Amino acid sequence: MWVLVSIISAVLIIFMLKYVFGSYGPNPFEKDCREPLKKRVYDKKEKNKVLKQGFLASRVPENLEAIVIGSGVGGLGLAVLLAKVGKKVLVLEQHSKAGGCCHTFSEKGFEFDVGIHYIGDLLEHKPFRCMLDQMTNGQLQWEPLENPFDHVLLGPPENRRRYPIYSGKTRFPEELKKCFPGEEKAIDEYLRLAKKTKNGVWLMAMLKLLPVFLTKFLICTGLVERLSFFFKMAPRSLTDVVNELTQNQDLRAVFSYIVGTYGKTPKEASFAMHSLLVTHYLDGAWYPKGGSSEIAYHMIPIVEKAGGAVLVRAPVNRILFNDAKEAYGVSVLKGQEEVHIRAPMIVSDAGIFNTYEKLLPAELQALPAIQEQLSMVKHGDGGLSIFMGLNGTKEELGLKADNYWIFAENNLDKLLEDYNSKAREQAAQKIPLLFVACPSAKDPTWEERSPGKSTLSLVSFAKYEWFEDWKDDKVTNRGPDYKELKQMFIDSALEVVMDVFPKITRDKIEYIDAGTPVTNTHYIAAPKGEIYGVDHDIGRFRPELNATIRPQTPLKNLYLTGQDMFLCGFAGALAGALTCGSVILNRNLHLDAIALAKRAKHFNKQKKE
Ligand SMILES: Cc1cc2nc3c(=O)[nH]c(=O)nc-3n(C[C@H](O)[C@H](O)[C@H](O)COP(=O)(O)OP(=O)(O)OC[C@H]3O[C@@H](n4cnc5c(N)ncnc54)[C@H](O)[C@@H]3O)c2cc1C
Ligand SMILES: *[C@@H]1O[C@H](CO)[C@@H](O)[C@H](O)[C@H]1NC(C)=O
Ligand SMILES: CC(=O)N[C@H]1CO[C@H](CO)[C@@H](O)[C@@H]1O
C-alpha cells in the first residue's frame, strides 16, 4: 500500500516539476530587445496610422500562425509574446482603434484615457517592469505619481476626514499610524496578512497550467490551501478580516477603499484579491508617459515586425469550427458580409461571456464543459465614467499627479448596498463613491501637448439595469431621457468635485460628458457594461474555478487570454497573457520574466558599455 502511495506521489512530483520548471518552447524574453529611445510622436494623425488600421481583407497577412480576438492589453500582450518568437499573428479589434481599456479618445481638444489611471509594481529592476520594457522594446516610459498617490476622503462634506495613502514598505504603515494612533498593531497585522496572502498567488497561475488531473488532486486533497496562503484566505471576505483587526470604522474603510479597483463591496470581496491590490501599489504607482494610448502604440510595431497585423473595425461575429470541433478560423463582419480568415490557433481576449455566448455555434456553446465554465462566473458591476476638460493648468486648478477616493460615509458595505438598491433617478441624485484622478497632471508631456488645459477623470459604479433601456439605440443618439439621466449623475458628481477641489468652478469646464454601462458595451464590448469584466466576488477565487477557467478551452485550438482568464487590471490582464503564452509556447513565462529581471542588471551594464 505505502509503496503504491510513494510511487504515485513520486510520479506526481515529477509531473509538477516538469510543469513548473519545464521549458520546451522558445523564450520570448531571451534577448534584450530594448532599443534606444526614439523621438516621441505626439501628432494624433501619425499615431493613428498605427492605432487605427482599418480592417480590409487585403490587409490580412498570409499563413497566419494565430488570430487574437480583441486588442486589449491581454490580447496585444499575447500577440507580442508570440511575435517575439517569430510567430505571425493577426489581432482583430471591433472598435475603431486599438487598445481595449487602454485606448484614448479626444473631444474638444482634450485627450481622455478610458481605463488606465495608475499601475503599480513598476520599480525598474522588478520582473513586471523588465517584462513590460521588453514588450514595448524599451519605448514605453512610466512616470511615478506623487507620494501620497491616493487620498481617501470619508464622510459628508461638512465633516470630511482625509487620509493620505503613501507607498513604500515602511512609509505606508508609518503614515497610516500617524493618522490612527493606538492602531499600530492592527496596521502591522493588516500589512503582514496582505503580504503573506499575496505571496501565495503563484499557485493560481500553476492551477491554470498544470494538467487537469493534477489540479484535481491538489484541490481534493486540500493541498491547495496548505501550499498557498492565498487560497487559504480566498474564502474570507475583506469585511471579515478587517473587522477582526480593528474597531475603528474609519480605519476599516481605509483598509478597504481599494476594493473600488476591482468593483466589489468589502463584504463580497475576497481578501485574496485585496492582498494583490494592496501589495501592487506598495512600491508606488505609475502612469504611462504620453497617456495610455502609448501602450498599444509601442506594442503594435512588434506584432507587425514578425509579419503580423493589428486591424480595427474588425468585429469577429463567430469562430469557425470543423466537424471535429476544432477551431480553424474566425469570421469578421465587414458591413453585411462575412470575411473568413484561417489560422491554426484562435485566442480570445474578448472576455469569457462574449467568447462562449456570442462567438460559438449553439451546439458547442451547449457542451457541458462550456456550460460548466459559464456557470462559474457572473457579470461584474457596471461602470460610470465622467470625463472633464478644464481651462487652466494643474497649478491654477490645484491638481496633482494623484487620485482621490471619496466616500460619503465610512461604512463601505452599507454605502454601496444602499446605492445599488436604488432606482436610477434616486441613485443619480447622490453618488456616494467617487474616484477622481487628474490624468493631465500625471503626464509630463501634457503641458507641451495641451498648454493651459487640464483633464479630470471620475469613475463610479452604475447598474447596467439603470441604463439598459437604451442599449439598442445608436451610441451618439440615445435621446433626451438618456441625456437627462446622465446629466443628473454628472451634476451630483460635480457637486462633490467642486467641494473637494475649490479651484474648479463651472466657468473652467470646457467639456464634460459621461460614459455609462451601455457606453462600455459599445466601445469595449463589455456585454453588461462591466468595468472590470467577470465579477471578482469570493466565488471567483475558488481553486476549482481557477483550475477550470484556463487558457486552454474545452475546444481544440481555442484559447483564452486577458482579465477574465486571470484577474482584472492592467497587471491582471497581462498576467492572463503571460499564462496563455505559457500554454501556447509550452514554457513557464512567469519564471522567464523573473529570470529576465535577474539578467536585466547584466543587460543594463552591456547597454552602458
Ligand atoms: C474606467 C476604468 C478604469 C480603470 N482603471 C484602471 C487602473 O487605474 N489601473 C489598472 O491596472 N486597471 C484599470 N482598469 C482595468 C484595466 O484597464 C483592464 O482590466 C484591462 O485593461 C483589461 O484588459 P483586457 O485585454 O483583458 O480587456 P479589454 O481591454 O477590455 O480588451 C478586450 C477587447 O476585445 C474587444 N472585443 C470584444 N469582442 C470582440 C469581437 N467580437 N471582435 C473583435 N474585438 C472584440 C473589445 O472591443 C476590447 O477592445 C480600469 C478599467 C476601466 C473600465
Ligand atoms: C480660458 O481662460 C482664460 C483666462 O484664464 C480666458 O482668457 C480664455 O478665454 C478661456 N478659454 C476658454 C475656451 O474658455
Ligand atoms: C479541474 C478541476 O478541478 N475541475 C473541477 C472544477 O470544479 C467543478 C465543480 O465546481 C468540478 O466538478 C471540476 O472537477
Side-chain angles (χ1 to χ4, degrees), residues 55 67-78 91-103 108-109 112-121 260-263 277 280-281 285-288 292 295-296 311-319 330-333 348-355 358-359 380 382-387 389-393 396 403 435 437 439 452-453 457-461 507-511 515 517 519-527 529-534 536 560-577:
F55 178 81
I67 295 172
V68 178
I69 307 167
S71 67
V73 70
L76 266 183
L78 177 82
V91 180
L92 296 167
E93 169 57 47
Q94 56 101 25
H95 186 26
S96 62
K97 57 186 97 175
C101 288
C102 302
H103 85 264
K108 291 232 172 101
F112 295 103
D113 299 308
V114 173
I116 296 295
H117 295 110
Y118 59 144
I119 297 171
D121 218 13
T261 60
Y262 53 97
L277 267 306
H280 184 60
Y281 294 113
W286 285 261
Y287 180 81
S292 58
I295 297 167
L311 303 179
V312 302
R313 272 182 272 113
V316 170
N317 68 324
R318 59 196 180 100
I319 300 168
V330 301
S331 156
V332 174
L333 264 193
S348 178
D349 180 45
I352 197 161
F353 286 110
N354 281 333
T355 308
K358 295 197 177 140
L359 303 181
L384 176 80
S385 303
I386 298 175
F387 305 97
L390 301 167
N391 185 10
T393 62
E396 287 162 353
N403 310 306
F435 169 85
K453 308 281 170 177
S457 211
L458 325 183
V459 184
S460 190
F461 298 103
D507 59 310
K508 299 281 188 332
I509 303 172
E510 277 184 36
Y511 172 84
T519 319
N520 289 349
T521 306
H522 180 82
Y523 291 109
I524 53 172
E530 297 91 334
I531 175 165
Y532 305 122
V534 160
H536 288 71
L560 299 176
T561 180
Q563 63 183 354
D564 283 5
M565 196 272 291
F566 209 87
L567 292 171
C568 76
F570 180 81
L574 254 185

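Counting starts at 1 for both ligands and their atoms, following the listed order. Given the structure is predicted, the values throughout are model-derived calculations rather than measurements.
Of all protein heavy atoms, the one closest to atom 21 (O) of ligand 1 is C101 CB, 3.4 Å. The protein non-hydrogen atom at the shortest distance from atom 46 (C) of ligand 1 is I524 O, 3.4 Å. Counting protein heavy atoms only, atom 10 (C) of ligand 1 is closest to F570 N, 3.5 Å. At the top of the distance list for atom 3 (C) of ligand 1, counting protein heavy atoms only, stands G115 CA, 3.5 Å. Looking only at protein heavy atoms, the nearest one to atom 32 (C) of ligand 1 is D349 O, 3.3 Å. For atom 43 (C) of ligand 1, the closest non-hydrogen atom on the protein side is Q94 N, 3.3 Å. Looking from atom 26 (O) of ligand 1 to the surrounding protein, the closest heavy atom is Q563 N, 2.8 Å. In this structure, the protein non-hydrogen atom closest to atom 35 (C) of ligand 1 is E93 OE1, 3.5 Å.
Which parts of ligand 1 touch I69 is read off a 4.0 Å heavy-atom cut-off, strictly below it: atoms 40 (C), 42 (N), 43 (C). Atom numbering of ligand 1 starts at 1 in the shown order; those under 4.0 Å from a heavy atom of L92 are 43 (C), 44 (N). Contact atoms of ligand 1 toward G70: 33 (C), 34 (O), 35 (C), 44 (N) (distance under 4.0 Å to a heavy atom of the residue). Against a heavy-atom cut-off of under 4.0 Å, Y532 is close to the following atoms of ligand 1: 14 (N), 15 (C), 50 (C), 51 (C). Heavy-atom proximity to I531, at under 4.0 Å, picks out these atoms of ligand 1: 1 (C), 51 (C), 52 (C), 53 (C).
Between Y118 and F435, the ring planes are parallel. Angles under 30° get that label, and only those over 60° would be called perpendicular.
Of all the heavy atoms of A314, the ones lying under 4.0 Å from any atom of ligand 1 belong exclusively to the backbone. Residue contacts with ligand 1 for N317 are absent, since no atom lies close enough (heavy atoms, distance under 4.0 Å). Contacts between L76 and ligand 1, counted as non-hydrogen atom pairs separated by less than 4.0 Å, are absent for every part of the residue. When heavy-atom distances to ligand 1 are checked against a 4.0 Å cut-off, P315 comes that close only through its backbone atoms N, CA, C and O.
Side-chain atoms of D564 and N354, non-hydrogen and from C-beta on, never get closer than 4.5 Å to each other. In this structure, the side chains of S457 and D113 stay at 4.5 Å or more apart for every pair of heavy atoms. In this structure, the side chains of K108 and E510 stay at 4.5 Å or more apart for every pair of heavy atoms. A 4.5 Å side-chain heavy-atom check between H117 and T261 finds every atom pair outside the cut-off.
Checked against a 3.5 angstrom limit, the closest N/O atoms of H117 and ligand 1 fall inside it. Taking distance alone, with nitrogen or oxygen atoms compared against 3.5 Å, G562 stays at or beyond that limit from ligand 1. In terms of polar-atom proximity, defined here as any N/O pair under 3.5 Å, S385 makes no such contact with ligand 1.
The closest approach between G383 and ligand 1 stays at or above 4.0 Å for every heavy atom of the residue. At least one heavy atom of V114 sits closer than 4.0 Å to an atom of ligand 1.
One distance of note links CD of Q563 with CZ of F570; it measures 12.5 Å at 0.5 Å rounding. To the nearest 0.5 Å, the span separating CG on N520 from SG on C101 amounts to 8.0 Å. Atom OG of S348 is separated from atom CE of M565 by 10.5 Å, given to the nearest 0.5 angstrom. Interatomic distance, CG of D349 versus CG of L92, reported as 12.0 Å (0.5 Å rounding). Here CZ of F112 is found 11.5 Å from CD1 of I386. Values are rounded to the nearest 0.5 Å. If you take CG on L76 and SG on C102, they are separated by 8.5 Å, rounding to the nearest 0.5 Å.
The only member of V68, N317, L359, V316 that meets side chain to side chain contact (heavy atoms under 4.5 Å, CB included) when paired with V330 is V316.
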task: Under the side-chain contact (heavy atoms from CB on, under 4.5 Å) rule, what do N391 and K453 come out as? Steps first, then yes or no, please.
output: CA-CA 5 Å; N391 185 10; K453 308 281 170 177; 4.0 Å; yes

- request: Report the C-alpha separation of V534 and F353 in whole Å, then their side-chain angles, then the decisive distance to 0.1 Å, and conclude whether the side-chain contact (heavy atoms from CB on, under 4.5 Å) test is met.
  value: CA-CA 8 Å; V534 160; F353 286 110; 4.0 Å; yes

- prompt: Stepwise, does the side-chain contact (heavy atoms from CB on, under 4.5 Å) test hold for I319 with I69?
  reply: CA-CA 10 Å; I319 300 168; I69 307 167; 4.0 Å; yes

message: Does Y523 form a side-chain contact (heavy atoms from CB on, under 4.5 Å) with V114? I'd like the steps, not just the answer.
response: CA-CA 10 Å; Y523 291 109; V114 173; over 6 Å; no

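Near ligand 2, heavy-atom contacts under 4.0 Å come from N391, E510.
Ionic pairing of E396 and K508 is not present here: no N-O contact between side-chain nitrogen and carboxylate oxygen is shorter than 4.0 angstrom.
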